[in-house]
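What follows is a set of notes on a single structure, which appears directly below.
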Amino acid sequence: MKKLVISLMLASSFGFSAQAAAQQSPVKVSSDLEAQVIEWRRHIHANPELSNREFETAKMVAEHLRSLGMEVETGVAHTGVVGMLKGGKPGPTIALRADMDALPVTEQTDVPFKSTVKSEYRGNEVGVMHACGHDTHVAMLMGAAEKLAEMKDELAGNVMFIFQPAEEGAPEGEEGGAELMLEEGLFADNKPEKVFGIHVWAGFPTGHVGYRKGPLMASSDQFEIKVKGKQTHGSTPWGGVDPIVTSAQIINNAQTIISRQTNITKAPAVLSFGIVEGGVRNNIIPDEVTLIGTIRNFDMDIRSDIHDKLKLTAEKTAEANGAEAHVHVDLGYPVTSNDADLVEQMLPVTKAVAGADKVQEVPLVTGAEDFSYYALEVPGMFVFLGVTPPERDMANEPSNHSPHFYADEDALKTGTELYVNWALESL
């Protein structure tokens, strides 16, 4: 005991807090709470709900937060739930976030709590599955809420628990997700100083944590190009304007936007066409062709520049062929960028929770996440948590969004403890 007191005094004399000196002994969750987190996860997994339809999940979350004595707001961005835990001492507010929605995927795993739920998606009956692991996110954050509520008298500040709907995108014709929560005033009255999020990840060993300072996940934008020509018979192409040939040239020319016009040493970018639609018969050159694709990028200025160049390339290529091109870019999620100072600050406690040998910097990911909206408002930290048993082949493990996606529940304790200890370190 005497040694510990001396150590803490020395730490204080060098400008470190007693808490920082004790980082190597992070707060743990009990085996009972771990079992409860797993139970919650299994219930949510067996009862998945699509974006903006997370009614029962939200009800379950709200009831739990109220049972912990929190101020709870429901119906945020349709089905979102926000709980506020007020600490026993004055201090700042920090936020912890989990997403709640499932995907229109028919589950093909053999777990005993597999989903057999059916729902409607774009007018079709579909299976519904937590194929991206949002069930684990909700369960881990519910567990963190319970643990932190037990310790509220020790907290010098407040913890905002954000249970967000529609991370996978709102249904057609609706708004939702992080952007709508913020538009409805999530950070207006009690803006947090920091926000934290976790995403479970396939092909990454169970309990391992992947982090990155600065850009981590790409922006994601959809574009649509309507190429308008003039219909004519296929035997007399000179009698009209061919939007198919024009579209082919636009597709080829657009590739040079990335390969020849974008400084990829600053930030990687991807421009891909996924849909080409036009024509009804082999010997009729149609009036119009539709091109649809995606743009992924890791720099917000370059993102805007790519949009401008796509519009210019399409319009001028069409003009050279006597056709017209009308370009619309639907802005998706921004770049998910981690605050470098916050990551550095939290690295010691992250390593203390997960184990130093299990925390590593990861490459850029061209997938997108709407956690990005929170991190544009306040310093944010978003990490990946591995959920693939280490004995499996990481390279061939079914990815997130696969009907075979599997999340090893041994990782849930680590995720819960990360939320808890990030909050404690911050407050």
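Just the heavy atoms: all of them, side chains too, but no hydrogens, waters or symmetry mates, feed the values below.
Neither side chain, Asp410 nor Thr206, offers a donor N or O lying under 3.5 Å from an acceptor on the other. Side-chain contact check for Asp99 and Gln164: no donor-acceptor pair (N or O, by modelled atom type) lies under 3.5 Å. Using a 3.5 Å distance cut-off with no hydrogens or angles, the side chains of Thr290 and Glu224 do not pair a donor with an acceptor. No side-chain donor-acceptor contact under 3.5 Å links Asn47 and Glu56. Side-chain contact of Gln249 with Thr317: a donor-acceptor pair under 3.5 Å is absent, judged by distance alone. With hydrogens and angles left out, the side-chain atoms of Asn283 and Arg281 include a donor and acceptor closer than 3.5 Å. Residues Ser51 and Arg53 bring no donor and acceptor atom of their side chains to less than 3.5 Å of each other.
Counting heavy atoms from C-beta on, the side chains of Pro165 and Asp101 never come closer than 4.5 Å. Inter-residue side-chain proximity for Val362 and Phe204 is flagged as met; some heavy-atom pair is nearer than 4.5 Å. No side-chain heavy atom of His401 sits under 4.5 Å from any side-chain heavy atom of Val105. No side-chain heavy atom of Val29 sits less than 4.5 Å from a side-chain heavy atom of Val37. The closest side-chain heavy-atom distance from Leu347 to Val359 is below 4.5 Å. Side chains of Val227 and Ile225 form a contact here, defined as non-hydrogen atoms less than 4.5 Å apart. Asp287 has its side chain out of reach of Lys228: every pair of non-hydrogen atoms, C-beta onward, lies at least 4.5 Å apart. With contacts defined as side-chain heavy-atom distances shorter than 4.5 Å, the pair Arg41/Leu412 qualifies.
Annotation for Lys309: atom NZ counts as buried by contact number, over 12 foreign heavy atoms lying within 6.0 Å. Within a 6.0 Å sphere centred on CD1 of Ile264, heavy atoms belonging to other residues, nucleotides or ligands number 12 at most. Atom CD of Glu391 is surrounded by more than 12 heavy atoms from other residues, nucleotides or ligands within 6.0 Å. More than 12 heavy atoms of other shown residues, nucleotides or ligands fall within 6.0 angstrom of atom NZ in Lys114. Annotation: Asp393, atom CG; neighbour count of heavy atoms from other residues, nucleotides and ligands within 6.0 Å is above 12.
Lys230 has no carboxylate O lying under 4.0 Å from a charged side-chain N of Glu324, or vice versa, which leaves the two without a salt bridge. Using a 4.0 Å cut-off between a side-chain N of Lys or Arg and a carboxylate O of Asp or Glu, Glu71 and Lys86 qualify as a salt bridge. Salt-bridge annotation for Arg392 and Glu397: present, with a side-chain N of the basic residue lying under 4.0 Å from a carboxylate O of the acidic one. The existence of a salt bridge linking Arg42 and Glu409 is confirmed by a sub-4.0 Å separation between a basic side-chain nitrogen and an acidic carboxylate oxygen. The existence of a salt bridge linking Arg303 and Asp221 is confirmed by a sub-4.0 Å separation between a basic side-chain nitrogen and an acidic carboxylate oxygen.
Between Phe187 and Tyr374, the ring-plane angle classifies as tilted under the 30° and 60° cut-offs. In this pair, His134 and His199 present their aromatic rings perpendicular. The plane angle is above 60°, beyond the 30 to 60° band.
Residue Pro192 comes nearest to Val378 through the heavy atom pair O-CG1, 3.1 Å, listed as atom of the first residue, atom of the second, then distance. For the residue pair Asn421 and Val349, the shortest heavy atom distance occurs at CB-CG2, 3.7 Å. Shortest non-hydrogen contact noted between Ala354 and Gly207 is CB-O, 3.9 Å. Across every non-hydrogen atom of Pro398 and Ala202, the tightest pair is O-CB, 3.3 Å. In terms of heavy atoms, Leu65 sits closest to Ala145 at CD2-CB, 3.8 Å. Looking at every heavy atom in both residues, Thr262 comes nearest to Ile306 through OG1-CG1, 4.1 Å.
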(message) For a side-chain hydrogen bond (donor to acceptor under 3.5 Å, both in side chains) check, start with the C-alpha distance between Thr93 and Asn190, then their side-chain angles and the critical distance, and finish with the verdict.
(response) CA-CA 7 Å; Thr93 296; Asn190 197 346; 2.9 Å; yes
(message) Run the side chain to side chain contact (heavy atoms under 4.5 Å, CB included) test on Asp339 and Met381 for me, step by step, so that the C-alpha distance in whole Å, both residues' side-chain angles and the decisive distance to 0.1 Å come before the verdict.
(response) CA-CA 6 Å; Asp339 183 86; Met381 177 174 164; over 6 Å; no
(request) Start with the C-alpha gap between Asn52 and Glu174, add the side-chain angles, then the distance that decides, and say whether side-chain hydrogen bond (donor to acceptor under 3.5 Å, both in side chains) holds. (result) CA-CA 9 Å; Asn52 280 357; Glu174 298 181 22; 2.9 Å; yes
(request) Before giving the answer on ring-ring contact (aromatic ring centres under 6.0 Å, His included), spell out for Trp201 and His208 the whole-Å C-alpha distance, their side-chain angles and the decisive distance to 0.1 Å. (result) CA-CA 10 Å; Trp201 207 249; His208 285 228; over 10 Å; no
(request) Could you walk me through whether Glu369 and Thr336 pass side-chain hydrogen bond (donor to acceptor under 3.5 Å, both in side chains), step by step? (result) CA-CA 7 Å; Glu369 237 286 351; Thr336 300; 5.6 Å; no
(request) Would you sort out whether Asp341 and Lys194 count as a salt bridge (charged side-chain N to carboxylate O under 4.0 Å, His left out), showing the intermediate values? (result) CA-CA 11 Å; Asp341 291 338; Lys194 308 165 186 174; over 6 Å; no
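With hydrogens and angles ignored, the 3.5 Å screen pairs no side-chain donor or acceptor of Asn321 with any backbone N or O of Ala323. Without hydrogens or angle criteria, Glu184 side chain to Val76 main chain gives no donor-acceptor distance under 3.5 Å. Of the possible polar contacts, none joining the Thr236 side chain to the Trp238 backbone as a donor-acceptor pair under 3.5 Å is found. No donor-acceptor pair under 3.5 Å is formed between the side chain of Ser219 and the backbone N or O of Val335. Here the side chain of Gln255 pairs a donor or acceptor atom with the backbone of Ile251 at under 3.5 angstrom. Under a 3.5 Å cut-off, the side chain of Tyr333 and the backbone N or O of Ala218 do not form any donor-acceptor pair. With hydrogens and angles disregarded, a donor-acceptor distance shorter than 3.5 Å links the side chain of Ser115 to the backbone of Val128. A side-chain donor-acceptor contact under 3.5 Å links Glu54 to the backbone of Ala166. Ser304 contributes no side-chain N or O that, together with a main-chain N or O of Asp301, makes up a donor-acceptor pair within less than 3.5 Å. Looking at His137, its side chain does come within 3.5 Å of a backbone N or O of Val200 through a donor-acceptor pair.
Rounding to the nearest 0.5 angstrom, the gap separating the OG atom in Ser247 from the NZ atom in Lys226 is 11.0 Å. To the nearest 0.5 Å, atoms CH2 (Trp40) and OG1 (Thr136) are separated by 14.0 Å.
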